[in-house]
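Notes to accompany the following structure.
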Amino acid sequence: MRDSKNRVGLPIPTLGEKRPAATTLEIDGHAIILVRLKHHWRAYLNQCPHRGIPLDWTPGQVLDQSGQLLLCAMHGALFHPENGHCLAGPCQGKALVAIDIEVTQNRLWLSLPSPERSA
């Protein structure tokens, strides 16, 4: 579903009560990480800035053992779920590509990047 601003709308996923909570999905060829924080959502391209590979080794599993940070399963890079900045690992100082996200009408609305930005 797209709105008049060409954003993609999807139902708000059920992720349990733990915060942060995260999952992955694919929309229009874009691999996406959705993160639910205490009172809001964040979205990122599911692409480690180090090698350009997805963070999850097992589909949908992108949190570290503590459940507090996003983890690249390939090289162990850790990212802050609030802003996507790499805190440790081979891409320290870089960040995940953020996707604009808004919650309205009981849906998440994502402004997906153009194909050249996500490549």
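This structure is a prediction, so every number in the text was calculated from the model and none was measured.
Nearest heavy atom pair, residue L96 against residue F79, reads CG-CD2, 3.7 Å. Taking all atoms of both residues into account, the shortest heavy-atom contact from P49 to A95 is CG-O, 3.7 Å. V35 approaches P20 most closely through the heavy-atom pair CG1-CB, 4.2 Å. Closest approach of Y44 and A98 over heavy atoms only: CD2-CA, 3.7 Å. Between R42 and P81, the shortest heavy-atom contact is CG-O, 3.7 Å. What you find for R107 and G9 is that their closest heavy atoms are NH2-O, 3.1 Å.
A 4.5 Å side-chain heavy-atom check between C48 and C91 finds at least one atom pair inside the cut-off. Contact annotation: the side chain of E82 never approaches that of K38 to less than 4.5 Å [non-hydrogen atoms, C-beta and beyond]. By the 4.5 Å heavy-atom criterion applied to side chains, R51 and M74 are not counted as neighbours.
If you chain together hydrophobic residues whose side chains sit under 4.5 Å apart, I33 and I27 never meet in one group. L37 and I12 end up in different hydrophobic clusters when Ile, Leu, Val, Met, Phe, Trp and Tyr side chains are linked at under 4.5 Å.
Not a single salt bridge (charged side-chain N to carboxylate O under 4.0 Å, His left out) links R36 to another residue, sequence neighbours left out. For L34, the side chain to side chain contact (heavy atoms under 4.5 Å, CB included) partners two or more places apart in sequence, or in a different chain, are L10, P13, T23, L25, I32, W41, A43, I101, L108, L110.
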(request) Could you walk me through whether H85 and H80 pass the ring pair (Phe, Tyr, Trp, His ring centres under 6.0 Å) test, one step at a time? (result) CA-CA 5 Å; H85 287 116; H80 196 288; 8.4 Å; no
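Between the side chains of D56 and T24, at least one donor N or O lies within less than 3.5 Å of an accepting N or O.
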Review item, side-chain donor-acceptor pairs of residues 61-68, under 3.5 Å, at least two apart:
residue : atom : partner : partner atom : Å
D64     : OD1  : S66     : N            : 3.4
D64     : OD1  : S66     : OG           : 2.8
D64     : OD1  : G67     : N            : 3.0
D64     : OD1  : Q68     : N            : 3.2
D64     : OD1  : L69     : N            : 3.2
D64     : OD2  : S66     : OG           : 3.1
S66     : OG   : Q68     : N            : 3.2

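For the atom pair L55 CG and Q47 CD, the distance stands at 9.5 Å (nearest 0.5 Å). The line from NZ of K94 to SG of C86 is 9.5 Å long, rounded to the nearest 0.5 Å.
Side-chain atoms of E26 never come within 3.5 Å of backbone atoms of A31 as a donor-acceptor pair (strictly under, hydrogens ignored).
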